[in-house]
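Report on one structure; see the data block that follows.
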There are 2 protein chains.
Amino acid sequence: MLESLYLNLGQHDALSDAEKALLAGAMTFERHFATGQDIVASGSRPTYSTLILDGLAARYKVLENGGRQFTSLQVAGDFVDLHAFLLKTMDHGIVALSPCHVIFADHSRLRAITEEASHLTRLLWLDTLVDGAIHREWIVAMGRRSKTSHLAHLVCELFVRLQVVQRTNGMSFHLPLSQAELADVLGLSVVHMNRVIGALRKVGVVNWANHTVTILDWHRLQEIAEFDPTYLSMMREPR
Amino acid sequence: MLESLYLNLGQHDALSDAEKALLAGAMTFERHFATGQDIVASGSRPTYSTLILDGLAARYKVLENGGRQFTSLQVAGDFVDLHAFLLKTMDHGIVALSPCHVIFADHSRLRAITEEASHLTRLLWLDTLVDGAIHREWIVAMGRRSKTSHLAHLVCELFVRLQVVQRTNGMSFHLPLSQAELADVLGLSVVHMNRVIGALRKVGVVNWANHTVTILDWHRLQEIAEFDPTYLSMMREPR
DNA sequence: GCCAGGCATTAACATTTGTTAGAGTGCACT
DNA sequence: AGTGCACTCTAACAAATGTTAATGCCTGGC
């Protein structure tokens, strides 16, 4: 059940069986969310953190003019709101972008982990630090990359992250995002989003149809994106 | 010496004297950096984390075309690279934007804190989570705010953060950033940065001269920015 | 099979933002 | 006082991006 979490945390450092048991023991009940449903509401003060077992979700903020911006995409094995364990109040919402199967980890049990299992605590902390590293990469992409490069970077990042939790299929992966939703990731209008996707298709490095992305030329895609996976900390080493 | 750190961490939850002593015990030597010097190099693997005692620094990445993007601004009381304690490898650089007085905290002693002081560990973790929350707010600003609103938001954020560590003077604060550097924060060209600053000046909510920002109409500035400080977690509560 | 609704795509035009170039300003150094 | 330099500010034009609107395609419900 928690395989994807073990794969996600375990990519950074070895996870012992005892630690896996502690994580499993922190879990409470499961739940399914339909596409478009809010998994966590902005302004709420959750007493548990949500782990995605399967599906795609996103953090987002909505502005007064109605504009929406996604600040992260979350896949299987990701805690969507582990930060709320200490931040307490959600300053943004989390929405299901596909049918999502999730399980909730109780904050009081996470707290017990911080008191009794320092190595596991560091791994959970690290998980939120990688989140932050991804945020920084998005800031760079939004500020200084061309839009084509930004999109290419997103494809690279998602491919690598999905590969860790075994949700890729060869060089393909499922990306159930409409162009309007993608526009809310890159901060573009829908029309321009369409142009940018067209441009990336035109260079021939990806095939993008039916919500499935197939990478045709990984090397060239990585070049266009200037993608360097260092920020994902995928090296297994003592933490 | 560590007053600004105590103020920064202590805004979220009470810091005991014992915890202050643990923090002080983690510190090793101090150092001064001149404006423009790199405090931490991209790609390095530091064995200590850097706390700013005074000055302004920034995290940044440089792209192949020479473009630079700042991903955060760090003020007194901030650890600029606490994340490197667990991420290990720096995927970005940190540069001094003013003369910086810093002190280094040894990673082995931080590790000891995670093993012996769970509440303090949570506060340090929280510190990095607030970092992440600020990143998300920047993503929203870059993607969906007008440039004027983005700039106004930055001014609000810096004012509030500097107030916590007592680096404001009434409604003024020192902001030693050239327009070119500011452009690397917002992801704009220098020319357009100049236009945007002009626009914010024109509405009359700030006075901006000699690297000093004075907020003339806080209420209106906050409105332009749609600034909601929730993300900074400034409420003191058990963590 | 027909229809309604969501989504992708394109066109025409408006607005924002970037680029290049140059003028003005203040300050450190001689 | 004169010079050089970094920074601010402006102008003119080019390129990127947004807006509005329309078209076509697919799919689920009937």
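Small disclaimer: the values here were computed from a predicted structure and weren't measured.
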Between A:Arg167 and A:Asp54, does a salt bridge (charged side-chain N to carboxylate O under 4.0 Å, His left out) hold up when you go through it step by step?
-> CA-CA 9 Å; A:Arg167 258 68 176 182; A:Asp54 251 305; 2.9 Å; yes
In plain terms, say whether B:Glu64 and A:Arg144 are close enough for a salt bridge, that is, a side-chain N and a carboxylate O under 4.0 Å apart.
-> no
When you check every protein heavy atom under 4.0 Å of nucleotides 14-21 of chain C, what one-letter string (B, S, -) results, 5' to 3'?
-> ---SBBB-
Salt-bridged, A:Arg59 to A:Asp131, with N to O below 4.0 Å?
-> yes
Indicate the ring-plane relationship of A:Phe29 and A:Tyr48, choosing parallel, tilted or perpendicular according to the 30° and 60° boundaries.
-> perpendicular
Measure from CG on B:Asn210 to P on D:dA6 and round the result to the nearest Å.
-> 20 Å
Please work out which of the three classes, parallel, tilted or perpendicular, describes the rings of B:Phe159 and B:Phe173, given edges at 30° and 60°.
-> tilted
Measure up the A:Tyr60 and A:Phe70 rings against each other and bin them: parallel (under 30°), tilted (30 to 60°), perpendicular (over 60°).
-> perpendicular
Separation of atom CD in A:Gln179 from atom P in D:dC25, rounded to whole Å = 16 Å
For B:Leu177 and D:dT8, give me the distance from atom CG to atom C1', rounded to whole Å.
-> 15 Å
For atom CH2 of A:Trp208 and atom P of C:dC7, their distance in whole Å | 16 Å
Starting at atom NE2 of A:His211, determine the distance to atom C1' of C:dG6, rounded to an integer number of angstrom.
-> 11 Å
D:dT8 OP1/OP2 closer than 4.0 Å to side-chain N/O of B:Arg201 | no
Is the phosphate of C:dA8, meaning OP1 or OP2, less than 4.0 Å from a side-chain N or O of A:Asn194?
-> no
